[in-house]
There are 2 protein chains.
Amino acid sequence: MPYHHGDLRRTLLDAALVAIAEHGPVAVSLRELARRAGVSHAAPTHHFRDKTGLLTAVAAEGWTLLADALDAVTDREFSEMGVAYVVFATTHPAHFAVMRTPGLVHADDPALVAAQQRAGRSLQTEPDGAARDRATALAGWSLVHGLSALLLEGLVAPDPGSDVEALARAVTGRLGRPLPRRQG
Amino acid sequence: MPYHHGDLRRTLLDAALVAIAEHGPVAVSLRELARRAGVSHAAPTHHFRDKTGLLTAVAAEGWTLLADALDAVTDREFSEMGVAYVVFATTHPAHFAVMRTPGLVHADDPALVAAQQRAGRSLQTEPDGAARDRATALAGWSLVHGLSALLLEGLVAPDPGSDVEALARAVTGRLGRPLPRRQG
DNA sequence: CGGCAGGTCTTGTCATTGACAAGATGCCTC
DNA sequence: GAGGCATCTTGTCAATGACAAGACCTGCCG
């Protein structure tokens, strides 16, 4: 549709995701993205007001994809939802990094807020559609959000030969089970 | 000791903490910090190699303070350790923001790694000094790390009239207790 | 007492960046 | 076919991080 580029907005978002995956969300440069897309250094301005606007779009897309992933879980027991959360985070590291880094986005952006709320609603709903009580829902969210964060910060990694999904399953299984007192 | 400034290194770190609390760790500017400290724009270079070096120092200090806070917990049940973790995060938001934001620091800095490991050891130790099993320790760490992150990202806030400590206690109590099936 | 060595800070400079202003270019509608 | 508009370009500016070279103070050695 646009005359030079089939879809510059999408192209810039994709370039941003690549750049974030390579050097982190802090290091992205609008001019670098424009260069990779083959357009001039001011082209991104019209699609995203400024750099924060571009990252806001990435975050909103991330929350939407996360909500989609959660909605797609058929067995809506918390452990399965939690596994889906962690799998999303590790398979969309660029999105998740922007989503969880404060100060990068316009926090009051309507599209962003709406997407966040949709994901939140999905997480807080029980298998039969009832709402979980606050502390339980928050504990579950904290658990999977924290595991995702630790994985992406590199403070934790799955055992060799194992994978993220197995790790997430083991961890979510600890919620609501008695704590074993010893190693073993 | 230094001739112009009693302790420029500490002054810059404190200025950085203030700036991070105000505008987030991404927005800090070395030149701005130098201005606040009343020194020239190149003064910070000698104390911290570069901007990343300064943030690395902040992160290392943060992990050390966290380890100190965890070591100071006398009742070493996980719930109390977890409460201390969350209280640290919310009372040292600037430190914690740098600690949990990837790409800001030299991840392989020896002092940083050592401080991280000290905090990790403290968290993974049971009341009697035995090690927790991996999944349990990781679930606990994920839980409190995630709650801290959600609080600092502004995605969650304590109920009015309540406080962070009560919220943390309610959430850590869900680890190893049966999940209530319904609200109330 | 004199100077010398090194850590500390300053001045000067450069490429890069984000943001803005103004203009060019192609497409669509009336 | 002529205006109107979204899209993109060129040009510019202040701010920034990093680096180089030099000035300054301190403390130590002879």
Side-chain angles (χ1 to χ4, degrees), chain A residues 1-20 22-59 97-98 101-109 111, chain B residues 1-20 22-59 97-98 101-109 111:
Chain A
M1 200 84 73
Y3 70 99
H4 247 160
H5 228 284
D7 187 352
L8 181 55
R9 182 185 161 91
R10 180 74 254 162
T11 303
L12 287 171
L13 284 175
D14 289 339
L17 292 172
V18 171
I20 293 168
E22 282 175 359
H23 304 109
V26 178
V28 288
S29 147
L30 279 185
R31 288 169 111 101
E32 168 72 15
L33 299 184
R35 246 171 270 139
R36 294 201 200 190
V39 294
S40 80
H41 60 115
T45 297
H46 190 266
H47 294 275
F48 316 93
R49 174 181 169 67
D50 51 17
K51 186 178 178 176
T52 305
L54 186 148
L55 293 174
T56 301
V58 170
V98 178
T101 304
L104 286 184
V105 302
H106 293 129
D108 54 348
D109 180 84
Chain B
M1 203 84 74
Y3 68 99
H4 249 159
H5 230 286
D7 188 351
L8 181 56
R9 180 184 162 91
R10 172 76 348 232
T11 302
L12 288 172
L13 284 175
D14 289 339
L17 292 172
V18 171
I20 293 167
E22 284 174 0
H23 305 109
V26 176
V28 288
S29 146
L30 278 185
R31 287 168 110 105
E32 168 73 16
L33 298 184
R35 247 172 270 140
R36 294 202 200 190
V39 295
S40 79
H41 60 116
T45 298
H46 189 266
H47 294 275
F48 316 93
R49 173 181 171 68
D50 50 18
K51 187 178 178 176
T52 305
L54 186 147
L55 293 174
T56 302
V58 171
V98 178
T101 303
L104 286 183
V105 303
H106 293 128
D108 55 346
D109 180 84

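Just so we're on the same page: letters track the sequence lines, and every chain starts at 1. These values consider heavy atoms only, across backbone and side chains, with no hydrogens, waters or symmetry-generated copies.
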Participant: OP1 or OP2 of C:dC9 less than 4.0 angstrom from a side-chain nitrogen or oxygen of B:H41, does that happen here?
Facilitator: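 Answer is no, no contact under 4.0 Å.
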Participant: When the distance from CG of A:L8 to P of D:dC8 is rounded to whole Å, what number comes out?
Facilitator: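 After rounding, the gap between these two atoms is 5 Å.
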Participant: So, OP1 or OP2 of D:dC8: does either fall under 4.0 Å of a side-chain N or O from A:S40?
Facilitator: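 So the side-chain polar atoms of A:S40 never come under 4.0 Å of the phosphate oxygens OP1 or OP2 of D:dC8.
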Participant: Once you round it to whole Å, what is the distance between P of C:dG7 and CZ of B:F48?
Facilitator: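 Atom CZ in B:F48 sits about 17 Å away from atom P in C:dG7.
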Participant: Which part of the nucleic acid does B:R35 contact within heavy-atom distance under 4.0 Å: base, sugar-phosphate only, or nothing?
Facilitator: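 Sugar-phosphate contact only - B:R35 comes under 4.0 Å of backbone atoms but never of a base.
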Participant: Kindly check if the number of other-residue, nucleotide or ligand heavy atoms within 6.0 Å of CZ (B:R10) is above 12?
Facilitator: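 Enclosed: over 12 neighbouring heavy atoms sit under 6.0 Å from CZ of B:R10.
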Participant: May I have the distance from B:K51 (atom NZ) to D:dC19 (atom P), rounded to whole angstrom?
Facilitator: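 Checked: the NZ to P distance equals 14 Å.
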Participant: Between atom CG in B:L33 and atom P in D:dA18, what is the gap in whole Å?
Facilitator: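 B:L33 atom CG is separated from D:dA18 atom P by 12 Å.
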Participant: What's the separation between atom CG in A:L55 and atom NE2 in A:H106, rounded to the nearest 0.5 Å?
Facilitator: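 It comes to 9.5 Å.
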Participant: Look at the side chain of A:V39 and decide which nucleotide, out of C:dA19, C:dT11, D:dT9, has an atom nearest to it.
Facilitator: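 For A:V39, the side-chain atoms sit closest to D:dT9.
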Participant: When you get a sec, tell me which of C:dG12, D:dT9, C:dA19 is the closest nucleotide to the side chain of A:A43?
Facilitator: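 In terms of side-chain proximity for A:A43, the closest of C:dG12, D:dT9, C:dA19 is D:dT9.
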Participant: Please check if the side chain of A:S29 supplies one atom and the backbone of A:E32 the other of a donor-acceptor pair under 3.5 Å.
Facilitator: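 Yes; at least one donor-acceptor contact below 3.5 Å.
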Participant: To the nearest Å, give me how far apart CG (A:L12) and P (C:dG18) are.
Facilitator: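 From A:L12 CG to C:dG18 P: 13 Å.
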Participant: Testing A:L8, A:D7, A:L13 for side chain to side chain contact (heavy atoms under 4.5 Å, CB included) with A:H47, which one passes?
Facilitator: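 The passing option is A:L8.
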Participant: Please report, rounded to the nearest Å, how far the P atom of D:dA18 is from the CG atom of B:D50.
Facilitator: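 In whole Å, D:dA18 P lies 5 Å from B:D50 CG.
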Participant: Are OP1 or OP2 of D:dC8 and a side-chain N or O of A:T45 less than 4.0 angstrom apart?
Facilitator: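 False: A:T45 side-chain N/O out of range (4.0 Å or more) of D:dC8 OP1/OP2.
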Participant: Can you tell me how far P of D:dT16 sits from CG of B:L54, to the nearest Å?
Facilitator: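 Answer to the nearest Å: 15 Å.
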Participant: Just the rounded figure in Å: distance from P of C:dG18 to CG of A:L30.
Facilitator: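 The distance from CG of A:L30 to P of C:dG18 comes to 5 Å, rounded to the nearest Å.
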Participant: Considering all heavy atoms of both residues, which atom of A:P25 and which atom of A:L104 are nearest to each other, and what is their separation?
Facilitator: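 Closest approach of A:P25 to A:L104, heavy atoms only: CB-CD1, 3.7 Å.
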Participant: Which of these nucleotides, C:dA19, D:dT7, D:dA18, is closest to any side-chain atom of A:H47?
Facilitator: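 Ranking C:dA19, D:dT7, D:dA18 by closest atom to the A:H47 side chain puts D:dT7 first.
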Participant: Any side-chain N or O of A:H46 below 4.0 angstrom from OP1/OP2 of D:dC8?
Facilitator: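 Indeed not, no polar side-chain atom of A:H46 lies that close.
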